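Small disclaimer: the values here were computed from a predicted structure and weren't measured.
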Amino acid sequence: MNNINNGAVLVAEDDLNLGLFWEEWLMRAGYTVTRTTNKADALTAFEPGRFALVVLDMQMPAARGRGVNNKAGLLAAREMRRLDPDVPVLFLTAGNDEEIEADALELPGQGKTGFTRKPCGMKAFQLRAREMARNNQFPFGPRAVINTSTHTATITGAKESKRLSPQVLDLAVVFARNKDVSLSRAELVRQWGWDEASLDECIRKLRDAVNDADRTTIKTIHGTGYIYQS
């Protein structure tokens, strides 16, 4: 059960395997994903204000059945920014796109513009997407709000936020995505994707960050695992 939604992400990637890769890791981070394979379909799917982030392959077909256009991603981004000046755009680039990247930095609007070179590791991509996305926060427990762009947890009424490491942030996302679901230790580690040896310490740090000293939000089920409730 997915009880976290950081917003919608539009992905345009003409390589099917890579497109599925981006989609999987964005969904693990709590996003809903619309995936397309060319510029025309990406523009058709785009709606102003709908997407927290747009991920565009710089080199992809302009339309179905067409060959690869080296500037298709850039052209799509220009039109999207015209419609939604604040939408963040993350370009997926090869090693020979320097001149086009320079043009991309001149995109209109106030939205963030970033680049990720292919191939890219799953955690690095997920981290970059979180940093880029807008409206990137969700409630955690009765007192905290977690912001995945700034890697912080804020307690209601507190003057300062607490910084979360990538491991602790990922753990929060897994728990929020499985609200009211009992997770065995093995299943929690599988979804989390980090080393099990650091799990106990990361749970301790997350409880501290979200003011869960009484362990009523992240509950330990002895002999089984954990459950997140709020």
Side-chain angles (χ1 to χ4, degrees), residues 1-9 22 24-33 51-53 55 88 90 112 114 116 120-230:
M1 182 183 299
N2 192 341
N3 290 284
I4 173 177
N5 186 352
N6 283 332
V9 176
W22 310 133
E24 176 185 358
W25 284 95
L26 287 165
M27 290 177 67
R28 287 196 182 198
Y31 297 98
T32 57
V33 180
F51 293 103
L53 175 68
V55 180
L90 176 59
K112 298 177 183 177
T116 291
C120 175
M122 54 190 178
K123 287 293 185 183
F125 170 72
Q126 195 179 66
L127 179 62
R128 190 73 175 112
R130 282 175 172 164
E131 291 172 343
M132 292 282 299
R134 60 183 175 181
N135 305 324
N136 213 4
Q137 61 184 26
F138 60 93
F140 195 95
R143 298 177 289 271
V145 173
I146 290 179
N147 188 308
T148 58
S149 293
T150 59
H151 286 223
T152 56
T154 304
I155 305 300
T156 302
K159 294 182 178 180
E160 296 183 356
S161 300
K162 294 185 178 180
R163 182 77 176 174
L164 305 178
S165 70
Q167 293 95 324
V168 174
L169 179 60
D170 282 350
L171 190 60
V173 170
V174 172
F175 276 128
R177 198 170 59 221
N178 292 277
K179 182 182 176 183
D180 298 322
V181 176
S182 176
L183 294 173
S184 68
R185 187 179 180 90
E187 178 59 20
L188 180 57
V189 170
R190 186 192 69 79
Q191 294 192 34
W192 184 41
W194 295 90
D195 186 356
E196 183 178 2
S198 61
L199 177 61
D200 293 335
E201 179 65 9
C202 287
I203 289 176
R204 184 192 66 76
K205 289 180 177 179
L206 178 58
R207 281 171 167 156
D208 177 68
V210 301
N211 196 19
D212 186 34
D214 55 4
R215 301 190 178 190
T216 57
T217 298
I218 304 171
K219 297 180 179 179
T220 300
I221 306 174
H222 294 289
T224 302
Y226 301 90
I227 187 168
Y228 162 69
Q229 296 176 318
S230 64

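Partners of L188 according to the side chain to side chain contact (heavy atoms under 4.5 Å, CB included) rule, which considers only residues two or more places apart in sequence or in another chain, are L171, V174, F175, L183, L199, I203, Y226. Taking the side chain to side chain donor-acceptor pair (under 3.5 Å) definition, one finds that E196 meets it with R185, sequence neighbours left out. Considering only residues two or more places apart in sequence or on other chains, R128 meets the salt bridge (Lys or Arg N to Asp or Glu O under 4.0 Å) condition with E131. Considering only residues two or more places apart in sequence or on other chains, K123 meets the salt bridge (Lys or Arg N to Asp or Glu O under 4.0 Å) condition with D170. R163 pairs by the salt bridge (Lys or Arg N to Asp or Glu O under 4.0 Å) definition with nothing, not counting sequence neighbours. The side chain to side chain donor-acceptor pair (under 3.5 Å) check on Q229 picks up K219, with sequence neighbours excluded. Scored by the side chain to side chain donor-acceptor pair (under 3.5 Å) test, T216 finds D214 as partners (sequence neighbours excluded). Qualifying side chain to side chain contact (heavy atoms under 4.5 Å, CB included) partners for P139, counting only residues two or more places apart in sequence or in other chains: none. Contacts of T152 classified as side chain to side chain donor-acceptor pair (under 3.5 Å), with partners at least two apart in sequence or in another chain: T150. By the ring-ring contact (aromatic ring centres under 6.0 Å, His included) test, F140 is found to be paired with Y228, residues two or more places apart in sequence or in another chain being considered. Residues that satisfy the salt bridge (Lys or Arg N to Asp or Glu O under 4.0 Å) test with K205, not counting sequence neighbours, are absent from this structure. Scanning for side chain to side chain contact (heavy atoms under 4.5 Å, CB included) contacts around N211 gives R143, I155, with sequence neighbours left out.
For R28 (side chain) and W192 (main-chain N/O), no donor-acceptor pair under 3.5 Å exists by modelled atom type. Using a distance-only test at 3.5 Å, with no hydrogens or angles considered, a donor-acceptor pair links the side chain of S149 to the main chain of A133. In terms of modelled atom types and a separation under 3.5 Å, the side chain of R207 and the main chain of I218 share a donor-acceptor contact.
T32 contributes atom OG1, which lies 10.0 Å from atom CG of L26 (distance to the nearest 0.5 angstrom). Atom CZ of R204 sits about 10.5 Å away from atom CZ of R215, to the nearest 0.5 Å. For the atom pair CE of M122 and CH2 of W25, the computed distance is 4.0 Å after rounding to the nearest 0.5 Å. Taking CG of L53 as the start and NZ of K112 as the end, the distance is 9.5 Å to the nearest 0.5 Å.
The two atoms that bring I146 and A172 nearest to each other are CD1-CB, 3.5 Å, heavy atoms only. Listed here is the closest heavy atom pair of G7 and A52: CA-CB, 4.4 Å. For T217 against P142, the heavy-atom pair with the smallest separation is OG1-CD, 3.6 Å. Across all non-hydrogen atoms, the minimal contact from M132 to G114 is CE-N, 3.4 Å.
The closest side-chain heavy-atom distance from H151 to L127 is below 4.5 Å. Within the 4.5 Å cutoff, side-chain heavy atoms of R130 are placed close to those of Y31. The shortest side-chain heavy-atom distance between V55 and V9 falls under the 4.5 Å cut-off. The side-chain heavy atoms of L90 and F125, taken from C-beta on, include a pair separated by under 4.5 Å.
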Q: Before giving the answer on side-chain hydrogen bond (donor to acceptor under 3.5 Å, both in side chains), spell out for E187 and N178 the whole-Å C-alpha distance, their side-chain angles and the decisive distance to 0.1 Å.
A: CA-CA 11 Å; E187 178 59 20; N178 292 277; over 6 Å; no

(Q) Could you go through D195 and Q167, starting from their C-alpha distance and side-chain angles, then the distance that decides it, and tell me whether this counts as side chain to side chain contact (heavy atoms under 4.5 Å, CB included)? (A) CA-CA 9 Å; D195 186 356; Q167 293 95 324; over 6 Å; no

